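Some notes on the structure that comes next.
Count residues from 1 along the sequence. This structure is a prediction, so every number in the text was calculated from the model and none was measured.
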Amino acid sequence: MTEKRALFIIFGGSGDLAQRKLYPALYGLYYQGRLAKHFAVIGTARRPWTDDHYHDIIKQSLVGAPGSAHQKTEFAEHFYYQSHDVTDAAHYVTLRDLAEKLDKQYALDGNRVFYMAMAPRFFATIAEHVKSEQLLSAKGFNRLIVEKPFGRDFATAKQLNDDISQAFSEEQIYRIDHYLGKEMVQDIMPLRFANPLLGHAWSKDFIDNIQITLAEDIGVEERAGYYETAGALRDMVQNHIFQIIAMLTMEKPARYDAASIHAAKRAVLSAIKPYTPTQVHDKFVRGQYLGGDDIGLSYREEDNIASDSTVETYVAGRVDIDNDRWRGVPIYIRTGKRLKAKQSRIDIVFKPTSDNILPTINDAPVGANVLTLIIEPETGMHLTLNGKEIGTSDAVNPFTLDHALDQDELAKAPEAYQRLMLNILDGNKLTFTYWAELAASWHFIDAIRTVWDNDKADGLAFYNSGTMGPQQADDLLARDHRQWIWQGDTTK
């Protein structure tokens, strides 16, 4: 196992993202020996912390992580805190001097990772000062890590991309989508391209529809302020769901490398055409959760939410791909808060048998084969097939082949951010997004957002917390003579 060498400069080092995700992810690499003596971290924020206080924060973020208290202390000693105003050029000079000192102290070979773990409105300012105050290393690698949201629409995303591209090239920019680091999303390519049984059936000739569900059982919680400016469409569909769609539907890449994979993703995303206003009304549903005595507050009653807010906490829709492989195959998507259960899953519904000769129970139609990938909170997959009913009957009856990762297997699977951090250090861009992919998804999202913003409250459907969303989402599929495979049952 090769030890990685790098200096991490985390802008927003005192924030929630850094404490919940980044520090545990780096510690995971340290615990595995992938980071050892030759790494250092500078955390920057406005707060006037000392290094000692910063070390305490780091160790608090590791409660429950494996390893001894001594290991966690040694890990924390690689962290340095710099109080920082991102708009003050002088602070970047101080940061540069500390970076150069740590580079020599830890023999980091000039490798630097700049992590934007703060509000996107500061990204361009930080990138500009990183370049003008010469924080970029001349001898090692320089990599910029950008969290979502990447813009609010195509125009702001393009402006942001143009701004950060003044200091960093596309090859140096790593736009994180943490869903791409999840184990079952990582499994999509092996399933498609290493199994001829599935590969030959992966098209409109055999697949009836695809369903993607990213369901949460909690409300907006402490993210209310952000959510009121974003909504479910921007928060979940533009990034996570569109990246999953690309992974499921892209053509087989020429090679297993970042350039080939991203070329394949760009091609399929470009075949998803933005909808007209009439199509938006027909093919997309937006909802907002209601509360009650036993189920908590309604969205409009949450702190920092306008009493007449029309921001959607639920989105369902149909996405169509206009190419030879997928034309006519609907991709149904849905995501929402305060739903019946938490689960992220993909259901690939194959076309049912059209000329069945076998008896069935109560003369019912033979059910479709369904391949289900469970992304979280469990991790695994199951395939629903048809066989004979057990006993003396000859009737066809469905059964399921299950593959669920057990606790030992899950322990071997890195948490998404840990996987992504390792990929950053390796210069592996397979699990990150390129600008052209974001541009394609923003064009689609903007067409929907424009219609909803013009409609305001018209068309906003309300749903009770603890359900699977508004009735209109079921009606969306019913019009196509289909239904959602998952109805909120956590046992399937």
Student check: side-chain heavy atoms of [X] and [Y] closer than 4.5 Å:
X	Y	result
Arg143	Phe114	no
His443	Lys273	no
Asn304	Glu228	no
Tyr27	Ser61	no
Leu383	Val370	no
Arg449	Asp153	no
Leu358	Thr353	no
Met468	Arg334	yes

TODO: Kindly give the heavy-atom pair with the smallest separation between Tyr289 and Ser465, and that separation in Å.
DONE: CD1-OG, 3.7 Å
Task: Which atom of Met250 lies closest to which atom of Arg192, heavy atoms considered - done: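 Residues Met250 and Arg192, closest heavy atoms: O-NH2, 2.7 Å.
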Tell me if a side-chain donor or acceptor on [X] pairs with a main-chain N or O of [Y] at a distance below 3.5 Å.
X	Y	value
Thr249	Ile245	yes
Thr450	Ala447	no
Gln19	Asp16	no
Asp163	Phe123	no
Thr400	Asp402	no
Arg152	Ala157	no
Glu312	Leu233	yes
Asn323	Trp326	yes
Asp426	Asn428	no
Lys252	Ala264	no

How about [atom1] on [X], more than 12 heavy atoms from neighbouring residues, nucleotides or ligands closer than 6.0 Å, or not?
X	atom1	result
Asp453	CG	yes
Glu221	CD	yes
His403	NE2	yes
Lys388	NZ	yes

Quick check, are the ring centers of [X] and [Y] under 6.0 angstrom apart?
X	Y	answer
Phe432	Tyr174	yes
Tyr463	Tyr314	yes
Phe242	Phe444	yes

- [ ] Apply the test salt bridge (charged side-chain N to carboxylate O under 4.0 Å, His left out) to residues Asp480 and Arg318: give CA-CA distance (whole Å), side-chain angles for both, the deciding distance (0.1 Å), then the verdict.
- [x] CA-CA 10 Å; Asp480 294 340; Arg318 169 176 172 157; 2.9 Å; yes
Open item on the list: Test side chain to side chain donor-acceptor pair (under 3.5 Å) on Gln159 and Asn161; report intermediate values, then the result.
Closed with: CA-CA 5 Å; Gln159 185 62 58; Asn161 194 69; over 6 Å; no
Task: Candidate pair Arg175 and Asp177, rule salt bridge (charged side-chain N to carboxylate O under 4.0 Å, His left out), full reasoning - done: CA-CA 7 Å; Arg175 301 175 190 85; Asp177 187 321; over 6 Å; no
- [ ] Please test Met421 against Leu22 for side chain to side chain contact (heavy atoms under 4.5 Å, CB included), starting from the C-alpha separation and ending with a verdict.
- [x] CA-CA 8 Å; Met421 288 295 231; Leu22 306 188; 4.2 Å; yes
Open item on the list: If I take atom CZ from residue Phe193 and atom CD1 from residue Ile188, how far apart are they, to the nearest 0.5 angstrom?
Closed with: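 Rounded to the nearest 0.5 Å, the CZ-CD1 separation comes to 10.0 Å.
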Open item on the list: Checking side chain to side chain contact (heavy atoms under 4.5 Å, CB included) between Met381 and each of Leu401, Asp187, Thr372, Leu405, which is the one that passes?
Closed with: Asp187
Open item on the list: Please determine whether salt bridge (charged side-chain N to carboxylate O under 4.0 Å, His left out) holds for the pair Asp162 and Lys158, giving the CA-CA distance in whole Å, both sets of side-chain angles, and the decisive distance to 0.1 Å.
Closed with: CA-CA 6 Å; Asp162 290 346; Lys158 184 178 185 305; 2.9 Å; yes
Run the salt-bridge test on [X] and [Y] with the 4.0 Å N-O cut-off and return the result as yes or no.
X	Y	result
Lys340	Asp489	no
Asp324	Arg327	yes
Lys21	Glu147	no
Arg300	Asp308	no
Glu216	Lys337	yes
Lys456	Asp458	no

Between [X] and [Y], is any side-chain donor less than 3.5 angstrom from a side-chain acceptor?
X	Y	answer
Thr467	Asn464	no
Asp235	His240	no
Gln483	Tyr332	no
Tyr179	Ser344	yes
Glu437	Gln243	yes

Task: Residues Met184, Ile374; criterion side chain to side chain contact (heavy atoms under 4.5 Å, CB included); working and verdict - done: CA-CA 7 Å; Met184 287 312 300; Ile374 307 295; 5.7 Å; no
